[in-house]
Q: 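Below is a structure I'd like to ask you about.
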Amino acid sequence: MMPLNLLKRYFSPRALEHELEERVPVGPVMEVASHKTVPIHRHSYWYYMGGISLFLFVVQLVSGILLLFHYQPGAESSHASVLRIMTKVDFGWLIRSIHSWGANLMVFFVFVHMFSAFLMKAYQKPRELTWWTGIVLLLLTITFGFTGYLLPWDEVSYFATKIGMDTPVNVAKEAGEMVEKLIPVAGKPLSEAMLWGAKQGPFLLKGGEEITGLTIQRFFTLHVVILPWVFIGVLTVHLILVQIHGNRVPKAIEESKAYRRVPFFPNFFYADLFMWLLTFNLLSTLAALSPWPLGPEADPIAAAPAGIHPEWYFMAQFQILKMLPELVAIGLFTAGFMLWALVPIWDPATTTGRRAKIATYAGILAVAGLILFTLWGYAGLHA
Amino acid sequence: MSFPVWQVSPALNGSVLIGVVAVFHVFIALLAVGAGIFLPVTEYIARKQGRQDLLEFLRYHTRFFVVLTSVFGAVSGIGIWFTISLVHPAATTALIHKFVFAWGMEYAIFLVEITSLIFYYYGWEKMDASVHQKIGWIYAGSAFGSLFFINGILTYMLTPGQAAMTTVTDASFFQSFFNPGYGPSLIMRLLVALSLAGLFALFVAAKLPHESDLRTWLLRYSAQWLLPSYVLLGIGGLWYLWTVPQESLQALTSGIASAGVGNLSVMTRVVMLVGLFTVSISLMVFFGPYLNPTEFSRWKAGGLLLSALFVTGAGEWAREMLRKPYVIRDFMYVNGVLAATEKGFGPALEDASAYRQSFLSGGGWDAGQDAGAAMFKNQCLACHTLTSYRSLREYLAGRDEAAIHSFLQMLQMGKENPYRRIMPPLIGTPEEVKALAHFLSEQVHPQAAAATAGDPSPGPRTAAR
Ligand code: HEM
């Protein structure tokens, strides 16, 4: 029995914890974490949405790293290497399919998370910074999607990127025409300056006038180096803020006291795990039964194939762009998005609750509008 | 042809219909078997521990199962009979001839099951505890019994082993019934049944008031009904695969190249998903109701049940696929063509001339019809639809009539035929094959067909009866 006792003495969890504590004092951190509680009530399933987004981000990291082992950026090599991943590399098609479906699911759940935070008024004081870091995370998520879309270098990815890159230039052209009409003399140089300005962003991203191998190279750098690190940084701040403030209990529920609190660890953590597994089931079913397709290699000289359209999360904007003059549409987006992002300022926690009501209606209207225009956009493709 | 072929609609063939009905039925039937065991066992525990609240819960739970088994189970069971006899009349006849005793037993046992369930339900208040418990055991026994009997017939279709038929009544009953796949299948089905019973109890228990001790106890208790599956399902699965004929396994390991995307066939991907879901459901039950009963809610239980429904369906679908192109392995193809006829013409699968006998000369149901249409209905429709599931319009879109014709000739090439693991050989004289090619080409390119519609020469017709 001697050896067993020795083993127990030096290798029991408690002994190990002690040894660790002497070198890295994690105790205080664990202490804070163990006090965190999560409110449970009628609407608390919305609290899972941030966690699901987080889980999907981790899935993206892992599957993305696996893809990196075989993907070769470049006008000659991009499409060929993805084709090889799909047909030659064992389970390569599955990894790619998981990464692509995962990206779409992540965007979806980030949107759901954002709208639920909005409707629960989780942006109000003291959570403004949580909201703003969230807005940055949303923009980063969408940029992930946009840059990743080009990388396989197939027909649709090429033309969808082209539409995206041309939009600022088209807007500047329209704006320029208006400026020339309105301002007699200075109009001309002003509109030229605007056009020049609008071209700089796309020019920098594309690495020239056209979408070429250099564009792939730059999108690739953004997608696998810059965005992940920025994302991880912002996400860390976001999560620390959530840790500090805890989850927002909607006002009506707060007042009716119809909720109880459970410890984050282990109760809510296990519940999170449950939801991640459910999400994983969904993701693997989609990835396995509907493998992500790869179109023919991009051919910049060829005409754009019919019905070219961006991914579903740009569909509403795409539809509005089709219906309105580009300038008006872009103006509307910018204004709308600014209002949305700045909601903690125009709807602070007031006692009358009039603004809060307006914000709620705005939120519902935004969700309904997005869904409507997205469906409209898809209907328009087949018409 | 001896039987009419039932084309439900251009978008729906019999196989898809069977699939839908079967998945529903299998889920309910296995749930019923599991519940048949769950209820009396839990009653036994409740009486031993003297838990009145648990007995109360069981009474409520029983009512639900009366409805489930007697209504949904029985109706979908009859639905299965109805569909298989319409879609696979020849195979149904063959199986009835062989297994009439087993089916008779299965009916008798089902009668006992339903009767004991009804007594069990109405006896909760009126009966003496020990009598009620005894009826419970009869219910459990008969629930297991119906699985015991139907399992022999189902497994025979994929793994007849030594008892493969050459004529309808060949080989001894017992050798066929206890075929190589019988043991592992019985174990797997039983494990799934117990798990489903546990999952269902979770769903019902989640609705109990949060404060009650009973809720916590029941959630943790029901979660443990998946325990046997954690331990044995993997082993059972391997044993099962070990008994599956080599050819079918090859279909699993070597993907179907023509599938276009990925390098694994749909079947392989589905089998992978079944394995993955089994693990993830286990983990979900562990982290959910078992470790964390307070935060377990009804809609989470719904997520679990939905995942379970998916695995059951996917597993059954994969089993069906493994059997293809046969409906009864080594005896009859899905389209009713007898493998035995094929063997009767010299060395099996090697001599292509075996397939050149006339398919339509027997006359029968399709007498007087367009020969191409008759060939299609009898030999392709079992697995393909024109427009949706495995759509021939889609598969053949790139081919003109000549190309379709040479594709069909390939299906007659015996061992050289690259498709022989997934499609039965095509039987027919050169004229019949030509007529089929013409028919398919018309279906695939309707506009071109319309343009030549004025053509006065009709296609060949099948012989009159
Ligand atoms: C892109 C990935 C994102 C990740 C991984 C993420 C992660 C999380 C997590 C894990 C939580 C705590 C659990 C919860 O309340 O759901 C949370 C809370 C929160 N997030 Fe995010 N988030 C993301 C994006 C966003 C976006 C786009 C917004 C809105 C603009 C946002 C705003 C918030 C707010 C306001 C809270 C506090 C919620 C409360 O107090 O109830 N987040 N986030």
Side-chain angles (χ1 to χ4, degrees), chain A residues 37-48 52 55 82-98 100 258-295, chain B residues 202 206 210-211 216 219-220 223 253-255 257-311 313-314 317-318:
Chain A
T37 61
V38 179
I40 299 290
H41 49 76
R42 238 165 0 106
H43 292 305
S44 49
Y45 44 90
W46 295 115
Y47 297 146
Y48 293 124
I52 292 177
F55 168 70
V82 175
L83 194 62
R84 204 175 57 236
I85 289 173
M86 299 280 291
T87 54
K88 297 273 160 52
V89 178
D90 281 343
F91 293 99
W93 62 271
L94 184 61
I95 302 294
R96 170 161 185 259
S97 194
I98 284 182
S100 307
Y259 73 101
R260 61 202 163 85
R261 292 196 161 270
V262 301
F264 175 78
F265 195 88
N267 293 42
F268 203 76
F269 178 69
Y270 288 152
D272 261 338
L273 270 183
F274 185 97
M275 296 308 294
W276 296 355
L277 286 161
L278 202 59
T279 312
F280 191 61
N281 281 356
L282 175 68
L283 173 61
S284 40
T285 305
L286 289 171
L289 295 189
S290 177
W292 204 260
L294 177 68
Chain B
L202 286 177
H210 256 270
E211 308 75 44
T216 311
L219 287 179
R220 302 197 57 153
T253 46
S254 65
S258 71
V261 263
N263 43 13
L264 294 174
S265 68
V266 191
M267 180 175 34
T268 315
R269 287 182 265 147
V270 170
V271 171
M272 277 163 39
L273 280 178
V274 171
L276 187 116
F277 267 60
T278 313
V279 177
S280 67
I281 290 177
S282 307
L283 289 173
M284 277 155 81
V285 169
F286 181 66
F287 287 114
Y290 188 73
L291 278 186
N292 192 19
T294 35
E295 263 55 71
F296 192 69
S297 60
R298 196 137 216 211
W299 61 271
K300 279 185 194 156
L304 269 174
L305 271 181
L306 210 65
S307 306
L309 178 63
F310 177 84
V311 202
W317 183 84

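Bear in mind the structure is a predicted one, so any value in this text is a computation, not a measurement. In what follows, chains carry the letters A, B, and so on, assigned in the order in which the sequence lines appear, proteins first and then strands, with residues in each chain numbered from 1. Values below: all heavy atoms of this structure, side chains included; hydrogens, waters and symmetry mates excluded.
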Q: To the nearest 0.5 Å, how far apart are CG in B:L276 and CZ in A:F280?
A: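 Separation between the atoms: 5.0 Å.
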
Q: Taking 4.5 Å as the heavy-atom cut-off, does anything in residues 293-300 of chain B contact chain A, and if so which residues?
A: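 Heavy-atom contacts from residues 293-300 of chain B to chain A are B:T294, B:E295, B:F296, B:W299, B:K300.
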
Q: Enter the distance from A:L277:CG to B:S282:OG here, rounded to the nearest 0.5 Å.
A: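 Here the interatomic distance stands at 10.0 Å.
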
Q: Which heavy atom in B:V270 sits nearest to a heavy atom in A:L289, and how many Å separate them?
A: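 Closest heavy-atom pair between B:V270 and A:L289: CG2-CD2, 3.8 Å.
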
Q: Kindly give the heavy-atom pair with the smallest separation between B:F277 and A:S284, and that separation in Å.
A: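 Here B:F277 and A:S284 meet closest at CE1-OG, 4.4 Å.
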
Q: To the nearest 0.5 angstrom, please state how far the CG atom of A:N281 sits from the CD1 atom of B:I281.
A: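 Rounded to the nearest 0.5 Å, the CG-CD1 separation comes to 6.5 Å.
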
Q: Are B:F287 and A:Y270 close enough, and set up right, to give a ring-ring contact (aromatic ring centres under 6.0 Å, His included), and what steps lead you there?
A: CA-CA 5 Å; B:F287 287 114; A:Y270 288 152; 5.5 Å; yes

Q: Is atom CZ of A:R260 surrounded by more than 12 heavy atoms (other residues, nucleotides or ligands) closer than 6.0 Å?
A: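 Counting other residues, nucleotides and ligands, CZ of A:R260 exceeds 12 neighbours.
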
Q: State, to 0.1 Å, how close B:R269 and A:P291 come at their nearest heavy-atom pair, and which atoms those are.
A: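 In terms of heavy atoms, the two residues are closest at NH1-CG, 3.2 Å.
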
Q: Can you tell me if OH on B:Y290 sees more than 12 non-hydrogen neighbours from other groups inside 6.0 Å?
A: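 For B:Y290, atom OH is not crowded (no more than 12 foreign heavy atoms under 6.0 Å).
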
Q: With only heavy atoms counted, which part of B:F310 is less than 4.5 Å from chain A, the side chain, the backbone, both or neither?
A: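 The side chain, not the backbone.
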
Q: Under a 4.5 Å heavy-atom cut-off, does chain B meet the side chain of A:L278, its backbone, both or neither?
A: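 A:L278 touches chain B through backbone and side-chain heavy atoms alike.
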
Q: Side chain, backbone, both or neither: which part of A:R96 has an atom under 4.5 Å from a heavy atom of chain B?
A: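 The answer is neither part of A:R96.
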
Q: Which pair of heavy atoms, one from B:M272 and one from A:F91, lies closest together, and at what distance?
A: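 Heavy atoms of B:M272 and A:F91 come nearest at SD-CE2, 3.8 Å.
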
Q: Can you tell which part of B:L283 gets under 4.5 Å to a heavy atom of chain A, answering side chain, backbone, both or neither?
A: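 Interface part for B:L283: both.
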
